[in-house]
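All values derive from a computational prediction rather than experimental measurement. Per chain, numbering begins at 1; letters A, B, ... match sequence-line order.
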Amino acid sequence: MEKMKTLRGFRDISGEELGKFRLIEAVSRKHLRLLGFSEMDIPILEKTELFVRSIGDTTDIVEKEMFTFTDMGGDSLTMRPEATAGMVRAYLQAGLYVKERVSKLFTIGPMFRHEKPQKGRFREFHQLDVEVFGVDDPLIDAELLWMIHGVLTELGVENYTMEVNSVGCPACRDTFRRVLVDYFRTKSDLLCEDCNRRLERNPLRIFDCKHGQCIDVSRGSPLLFDYLCGDCKVHLDVFLRHITDFGVLVTMNKRLVRGLDYYTKTVFEVTSDELGAQKAFIAGGRYDNLVEEMGGPKTPGTGFAIGMERLALLARAEPTNIVPTYFFAYLGERARGYLVPLLKAFADAGLPLAYTYDGRSLKSQMRYADNLNADFVFILGDDEIDKGIVVLRDMKTKAQCELLLEPSTIPREALKLSGE
RNA sequence: GUGGCUGUAGCUCAACGGUAGAGUACCUGGCUGUGGACCAGGGUGUUGCGGGUUCGAUCCCCGUCAGCCACCCCA
């Protein structure tokens with residue numbers, strides 16, 4: 001039989017990387033709690049329509065990147081490619097808009113996009129997704145960036161850039177879109193094939209093109225910034241003022257746009273040069289019309305998502321292990337008889353105890369304990385049993401002492417000694 | 001979806017078309033009851049998979065799968 005392997009772009013995550021994930025989660029949860037967020041787990045599988053309606057049917061995600069299939073009942077289902085759509089659905093389904101003025105929610109879990117894998121990009125990847133419903137005030141947008149700043153600092157992420165912009169509301173965006181199309185039409189022969197396609201479908205995205213000539217052309221283009229309506233302009237100004245109040249450093253990038261249709265006003269992206277081509281590891285923005293478009297009452301929203309895999313590549317902070325680890329080396333059947341009582345005693349004390357199942361030579365067990373990075377090793381053989389003691393060896397100092405061979409008191413005694 | 005590079009031991013990588021190797025890791029012993037260093041021994045392998053060419057393929061050819069990098073796009 002052929003060896004079974006994970007699907008392309010799917011991975012088993014363990015060891016150091018999983019440790020980074022857990023650390024990111026712990027640090028983020030702490031900061032989220034300080035700002036009154038509560039966690040919500042939502043399904044991975046939803047009706048396809050949910051994503052088509054929220055993300056937009058002409059976006060790349062919906063057009064070619066979703067894991068979609070038909071279930072036995074004939075419904076089209078999709079593995080979520082992002083979390084916001086599901087969060088909005090859950091918000092409406094729970095009727096949170098009548099229960100509370102403001103809902104601050106977050107969720108952590110896998111997302112799925114059928115893309116070609118490369119550095120920092122997988123078909124199954126993990127996001128920590130944060131959403132706020134019910135707040136118009138740009139203070140909340142600034143607050144989110146402030147929180148991100150705090151999380152990144154605590155994780156030891158240093159070289160990153162926060163870029164912000166406003167994509168306006170549907171009103172000013174439509175005006176601008178016409179101006180932009182007019183401009184690029186006059187230069188269409190200078191634009192690459194992709195950009196000519198974008199010109200018809202989503203002209204804002206021409207700003208994202210990496211071709212030298214397209215960059216030159218878009219450099220001379222009009223900017224949405226200059227076409228923002230009064231409301232959007234004020235929102236942006238207040239947002240930037242609050243950013244300053246929080247003392248967070250951001251860069252205004254007037255050409256920053258987003259790939260999902262639902263964004264309005266504030267958009268932002270946190271990038272790092274250490275990530276290669278996919279340099280954005282946190283991105284988000286405001287979506288003031290999405291809840292209404294999804295069939296709810298008019299409710300402003302704003303949020304962001306952290307790409308866990310990408311942030312894990314940047315996080316320098318290490319998870320710290322404060323509990324000492326113990327190993328039980330036993331010689332012979334009589335000594336092995338103490339294994340289960342000791343395991344029970346250590347479990348009661350909430351301490352981990354490692355051991356071998358085959359009780360090989362002491363040398364071998366010591367080597368094993370060393371590989372496990374054990375701080376202390378208990379050594380028990382016939383000599384000790386006859387004397388009614390057990391030897392406790394400190395692996396770092398090599399100092400050894402004797403403890404009374406009484407399983408119920410050993411964990412406490414050992415902890416006392418290792419505290420020194 | 002497109003393009004380039006790459007698939008050999010747990011890991012990093014060798015091997016002119018001629019019996020698959022090294023370093024490291026791991027196991028055992030030296031030390032019959034004490035880890036790391038040292039010494040000796042041990043290869044743990046469907047050379048990703050499937051075909052083809054050949055007396056003979058890890059090597060050449062085709063296909064396929066996977067990984068990496070870039071594009072598209074995105075966290």
Side-chain angles (χ1 to χ4, degrees), chain A residues 1-11 15 24 55 58-66 80-84 108-130 148 192-195 197-198 202 205 208-211 257-260 268-272 275-284 303-314 327 329-332 335 356 358-385 391-400:
Chain A
M1 174 153 171
E2 204 177 317
K3 249 187 240 171
M4 302 293 283
K5 289 192 300 189
T6 52
L7 297 169
R8 168 169 242 195
F10 286 68
R11 306 179 310 139
I24 292 167
I55 299 169
T58 63
T59 56
D60 275 46
I61 291 180
V62 169
E63 277 192 336
K64 53 183 202 189
E65 294 174 3
M66 296 204 302
R80 62 183 184 191
E82 55 104 55
T84 302
I108 303 174
M111 308 292 156
F112 304 85
R113 290 184 199 171
H114 199 280
E115 299 182 272
K116 196 144 175 180
Q118 65 188 77
K119 186 183 177 78
R121 171 194 289 172
F122 306 96
R123 288 185 173 179
E124 180 188 36
F125 60 102
H126 297 77
Q127 287 189 342
L128 192 158
D129 182 82
V130 176
I148 290 170
C192 69
E193 214 176 296
D194 286 330
C195 283
R197 212 176 58 235
R198 291 186 181 108
N202 199 346
R205 310 239 64 199
D208 275 350
C209 190
K210 286 162 189 164
H211 287 100
V257 294
R258 315 256 53 243
L260 285 66
F268 58 88
E269 227 172 64
V270 187
T271 63
S272 166
L275 290 174
Q278 289 73 229
K279 57 192 186 115
F281 61 99
I282 299 176
F304 65 88
I306 295 177
M308 300 285 288
E309 282 82 356
R310 293 181 186 179
L311 178 51
L313 290 172
L314 302 171
F327 184 92
Y330 59 93
L331 295 153
T356 63
D358 52 12
R360 344 170 207 181
S361 73
L362 182 59
K363 178 193 182 75
S364 174
Q365 294 191 59
M366 292 300 290
R367 189 145 52 198
Y368 191 65
D370 190 46
N371 284 353
L372 294 177
N373 243 317
D375 297 302
F376 297 92
V377 174
F378 293 100
I379 299 168
L380 187 67
D382 289 335
D383 297 351
E384 287 79 12
I385 293 172
V391 169
L392 176 60
R393 177 182 178 84
D394 183 326
M395 293 295 272
K396 290 198 180 58
T397 66
K398 296 184 177 184
Q400 295 193 172

Task: P atoms of B/rA14 and B/rA66, separation to the nearest Å - done: 24 Å
Task: Between B/rG10 and B/rG43 - P atom distance, rounded Å - done: 15 Å
Using the side-chain heavy atoms of [X], tell me which of these nucleotides is nearest: [options].
X        : options                : value
A/Arg367 : B/rA66, B/rC69, B/rC27 : B/rC27
A/Ala280 : B/rA75, B/rG33, B/rC73 : B/rA75
A/Phe122 : B/rC68, B/rG29, B/rU34 : B/rC68
A/Arg310 : B/rA75, B/rC27, B/rG35 : B/rA75
A/Glu384 : B/rA75, B/rG33, B/rG35 : B/rG33
A/Gln118 : B/rA75, B/rG29, B/rC71 : B/rC71
A/Lys64  : B/rG36, B/rC72, B/rU34 : B/rC72

Sugar-phosphate only, base, or nothing, as touched by [X] at under 4.0 Å among non-hydrogen atoms:
X        : result
A/Gln365 : nothing
A/Arg258 : sugar-phosphate
A/Phe281 : sugar-phosphate
A/Thr6   : nothing
A/Gly9   : sugar-phosphate
A/Arg393 : base
A/Glu63  : nothing

Open item on the list: Could you check whether A/Glu124 pairs with A/Arg113 (Lys NZ or Arg NE/NH1/NH2 to Asp/Glu carboxylate O, under 4.0 Å)?
Closed with: no
Task: Residues A/Asp394 and A/Lys396 bridged, charged N to O under 4.0 Å - done: no
Task: Nearest-nucleotide 5' precedence on RNA chain B, A/Arg11 against A/Ala283 - done: A/Arg11
Open item on the list: Go nucleotide by nucleotide along RNA chain B from the 5' end; which of A/Met308 and A/His114 gets its closest nucleotide reached first?
Closed with: A/His114
- [ ] Could you pull out the closest heavy-atom pair between A/Tyr330 and A/Thr356, with the gap in Å?
- [x] OH-O, 2.9 Å
Task: Pair pattern of RNA chain B in dot-bracket, where unpaired bases get dots and | marks partners in another strand, Watson-Crick or G-U under 3.5 angstrom - done: (((((((..((((....[..))))((((((.......))))).)...(((((..]....))))))))))))....
Where do N or O atoms of nucleotides 3-9 of chain B meet protein N or O atoms at under 3.5 Å, pair by pair?
none

